[in-house]
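For reference, the structure is listed below as structure tokens.
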Amino acid sequence: MSWEDIGSITKFPPGATRVELGAESLALVRIGDDLYAIGDTCSHAQASLSEGELWDYALECPLHGAEFDVRTGKPGSLPATQPVPTYEVRVEGDRVMIRAAQE
């Protein structure tokens, strides 16, 4: 899959922001100067992860509290047991680029 320009880095404040990549919804997470992208839908229930709280590298599902590591997509707590997809992110100039990089 080719790299997709999703906007200026200034558009993404620290924390999680929901973005659309084609037909997929992603949670773009900014921690300092680092950017991560994971699938936005919790693997346990239909909830938007980008609406959850961020604790270090764990993004918490706002519905049942499952946490996902934004670096790997792997769940770190119950009730989720399945990972969410991850996506490669890079910055070119001030533009944020994403492409699918599912494990």
Side-chain angles (χ1 to χ4, degrees):
M1 176 182 235
S2 64
W3 288 93
E4 302 281 337
D5 183 336
I6 61 164
S8 171
I9 195 156
T10 60
K11 178 179 166 184
F12 304 104
T17 304
R18 183 182 173 127
V19 297
E20 301 298 323
L21 184 65
E24 299 178 73
S25 295
L26 284 64
L28 182 77
V29 180
R30 184 173 181 178
I31 301 170
D33 291 333
D34 297 325
L35 296 170
Y36 305 92
I38 63 174
D40 189 49
T41 304
C42 177
S43 62
H44 168 257
Q46 296 296 312
S48 174
L49 295 176
S50 61
E51 295 176 11
E53 295 288 326
L54 182 64
W55 308 97
D56 295 320
Y57 292 96
L59 187 56
E60 182 181 57
C61 174
L63 192 57
H64 293 114
E67 295 179 356
F68 295 87
D69 188 315
V70 298
R71 299 165 294 187
T72 64
K74 294 180 180 176
S77 66
L78 295 174
T81 59
Q82 297 298 311
V84 293
T86 58
Y87 300 82
E88 290 182 73
V89 182
R90 70 181 184 201
V91 178
E92 294 180 358
D94 79 329
R95 308 303 294 177
V96 177
M97 311 292 286
I98 296 182
R99 77 172 174 176
Q102 297 184 12
E103 297 181 35

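Closest heavy-atom contact between Leu54 and Gly15: CD2-CA, 4.0 Å. Between Ser77 and Glu67, the closest heavy-atom pair is OG-N, 2.9 Å. Closest heavy-atom contact between Ala45 and Thr41: O-CG2, 4.2 Å. Closest non-hydrogen pair, Ala47 versus Cys61, comes out as CB-SG, 3.6 Å. Nearest heavy atom pair, residue Val91 against residue Gly93, reads CG1-O, 3.3 Å.
Remark: Ser43 engages Phe68, Ala80, Gln82, Val84 in a side chain to side chain contact (heavy atoms under 4.5 Å, CB included) (not counting sequence neighbours). For Ala37, the side chain to side chain contact (heavy atoms under 4.5 Å, CB included) partners two or more places apart in sequence, or in a different chain, are Leu26, Leu28, Tyr87, Val89, Ile98. Checked against side chain to side chain donor-acceptor pair (under 3.5 Å), Glu92 has the following partners two or more places apart in sequence or in another chain: Arg90. With sequence neighbours excluded, no residue forms a salt bridge (Lys or Arg N to Asp or Glu O under 4.0 Å) with Asp94.
Between atom NE2 of residue His64 and atom CG of residue Leu78 there is a gap of 12.5 Å, rounded to the nearest 0.5 Å. For the atom pair CD of Glu4 and CZ of Arg99, the computed distance is 11.5 Å after rounding to the nearest 0.5 Å. For the atom pair OG1 of Thr86 and CZ of Arg71, the computed distance is 12.5 Å after rounding to the nearest 0.5 Å.
Cluster membership for Leu63 and Val70, using ILVMFWY side-chain heavy atoms within less than 4.5 angstrom, is not shared.
Among residues at least two apart or in separate chains, there is no salt bridge (charged side-chain N to carboxylate O under 4.0 Å, His left out) pair with a member in residues 44-57. For residues 29-45, the set of pairs meeting the salt bridge (charged side-chain N to carboxylate O under 4.0 Å, His left out) definition, not counting sequence neighbours, comprises Arg18-Asp40.
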Walk me through whether Phe12 and Ile6 qualify under side chain to side chain contact (heavy atoms under 4.5 Å, CB included). CA-CA 10 Å; Phe12 304 104; Ile6 61 164; 3.7 Å; yes
Could you walk me through whether Val96 and Val19 pass the side chain to side chain contact (heavy atoms under 4.5 Å, CB included) test, one step at a time? CA-CA 11 Å; Val96 177; Val19 297; over 6 Å; no
